[in-house]
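Contents: one structure, followed by commentary.
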Amino acid sequence: VQLQASGGGLLQAGGSLRLSCAASGSAFENYAVGWFRQAPGKEREFVGTISRNGGTTYYAQSLEGRGTISRDNAKNTATLEMNSLKPKDTAVYYCAAAPLRTASGTASVHQTYTHWGQGTQVTVSS
């Protein structure tokens with residue numbers, strides 16, 4: 001499966017973002033989708049994930065309840081929405097796909113993900 005993330009840009013603190021992940025190739029419904037981010041000089045960080053069937057989501061504590069991940073298997077897309085943005089949310093955001101066996105399973109470890117999109121830059125100004 002090939003992934004392409006989009007929707008980043010320059011945003012204001014306190015605002016919101018909506019990132020999209022478009023998938024092509026292999027059956028999208030066979031993969032859990034994860035979102036990760038990497039700030040300059042820092043390691044890649046888990047943001048959140050959604051199961052293959054969309055019924056289970058799991059988020060990093062660092063989001064402090066500000067994130068929502070959804071997916072539409074019919075359209076081969078996944079979405080990350082975040083509100084109350086902070087400058088510390090500035091990073092390159094990546095979507096990734098993990099071929100999990102169970103439809104309701106999720107994964108927060110980046111090594112589980114076998115396919116990655118190219119990343120989209122999100123910059124939050126104060």
Side-chain angles (χ1 to χ4, degrees):
V1 63
Q2 292 79 45
L3 304 172
Q4 183 168 357
S6 61
L10 177 61
L11 302 167
Q12 294 289 325
S16 60
L17 70 78
R18 187 174 189 274
L19 302 181
S20 295
C21 180
S24 61
S26 301
F28 183 57
E29 63 269 21
N30 289 340
Y31 297 86
V33 172
W35 287 92
F36 294 79
R37 64 187 181 185
Q38 188 165 18
K42 295 188 177 182
E43 294 187 352
R44 190 166 297 188
E45 175 190 23
F46 169 74
V47 174
T49 180
I50 188 167
S51 61
R52 287 168 45 195
N53 61 11
T56 306
T57 54
Y58 176 69
Y59 302 95
Q61 287 190 343
S62 59
L63 257 62
E64 302 168 315
R66 299 179 294 120
T68 301
I69 297 175
S70 59
R71 68 187 294 165
D72 185 337
N73 286 342
K75 296 182 178 179
N76 290 345
T77 59
T79 301
L80 168 66
E81 296 178 277
M82 290 178 57
N83 55 42
S84 302
L85 291 173
K86 305 175 182 181
K88 68 177 183 178
D89 293 319
T90 295
V92 177
Y93 283 72
Y94 299 89
C95 63
L100 300 186
R101 189 163 54 183
T102 59
S104 59
T106 58
S108 60
V109 178
H110 76 270
Q111 291 91 340
T112 306
Y113 290 82
T114 55
H115 298 78
W116 292 80
Q118 84 289 1
T120 183
Q121 176 70 48
V122 172
T123 303
V124 181
S125 63
S126 58

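Not measured: the values here are computed from a predicted model.
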Task: More than 12 heavy atoms of other groups within 6.0 Å of Glu64 CD - done: yes

- [ ] State plainly whether one hydrophobic cluster holds both Val92 and Leu17, where clusters connect Ile, Leu, Val, Met, Phe, Trp and Tyr through side-chain heavy atoms under 4.5 angstrom apart.
- [x] no

- [ ] Taking all non-hydrogen atoms of both residues into account, name the closest pair between Thr90 and Val124 and its distance.
- [x] OG1-N, 2.9 Å

Task: Check: Arg66 side chain, Ser16 main-chain N or O, donor-acceptor pair, under 3.5 Å - done: no

Open item on the list: Nearest 0.5 Å, please: how far is CD in Gln12 from OG in Ser126?
Closed with: 8.5 Å

TODO: Verify whether the ring centers belonging to Tyr58 and Phe46 lie closer than 6.0 Å.
DONE: yes

Task: Closest approach of Ile50 to Thr57 (non-hydrogen atoms, all atoms of both residues) - done: CG1-CG2, 3.7 Å

Task: Interatomic distance, Leu11 atom CG to Thr123 atom OG1 [nearest 0.5 angstrom] - done: 8.0 Å

TODO: Using a strict cut-off of less than 4.0 Å between a Lys/Arg side-chain nitrogen and an Asp/Glu carboxylate oxygen, indicate whether Arg37 and Glu45 qualify as a salt bridge.
DONE: yes

- [ ] Flag the pair Asn30 / Arg52 as yes when at least one side-chain heavy-atom distance between them is below 4.5 Å, and no otherwise.
- [x] yes

Open item on the list: Using modelled atom types and a 3.5 Å cut-off, is there a donor and acceptor pairing between side-chain atoms of Thr120 and backbone atoms of Gly8?
Closed with: yes

TODO: Apply the test side chain to side chain contact (heavy atoms under 4.5 Å, CB included) to residues Ser24 and Asn76: give CA-CA distance (whole Å), side-chain angles for both, the deciding distance (0.1 Å), then the verdict.
DONE: CA-CA 7 Å; Ser24 61; Asn76 290 345; over 6 Å; no

Task: CD (Gln61) with more than 12 external heavy atoms under 6.0 Å - done: no

Open item on the list: Tell me the closest heavy-atom pair linking Tyr94 and Gly117, and the distance in Å.
Closed with: CD2-O, 3.6 Å

Open item on the list: Tell me the closest heavy-atom pair linking Tyr93 and Asp89, and the distance in Å.
Closed with: OH-O, 2.7 Å

TODO: Could you pull out the closest heavy-atom pair between Thr114 and Tyr31, with the gap in Å?
DONE: OG1-CE2, 4.4 Å

Open item on the list: Just checking Gln4: does its CD atom have more than 12 heavy atoms from other residues, nucleotides or ligands closer to it than 6.0 angstrom?
Closed with: no

Task: Pairs satisfying salt bridge (Lys or Arg N to Asp or Glu O under 4.0 Å), at least one member in residues 11-27, at least two apart - done: Arg18-Glu81

Open item on the list: I'd like to check Ile69 versus Val33 (side-chain heavy atoms, cut-off strictly below 4.5 Å). Are they in contact?
Closed with: no

Open item on the list: Given Thr49, which partner from the list Tyr113, Tyr59, Trp35 fulfils the side-chain hydrogen bond (donor to acceptor under 3.5 Å, both in side chains) test?
Closed with: Tyr113

Task: Note, Thr112 side chain near Leu100 side chain (heavy atom, < 4.5 Å) - done: yes

Open item on the list: Over 60° means perpendicular and under 30° means parallel, so tell me whether Phe36 and Trp116 are parallel, tilted or perpendicular.
Closed with: tilted

Open item on the list: Between Ser20 and Thr77, is there a side-chain heavy-atom distance shorter than 4.5 Å?
Closed with: no

- [ ] State, to 0.1 Å, how close Cys95 and Ala5 come at their nearest heavy-atom pair, and which atoms those are.
- [x] SG-CB, 4.0 Å

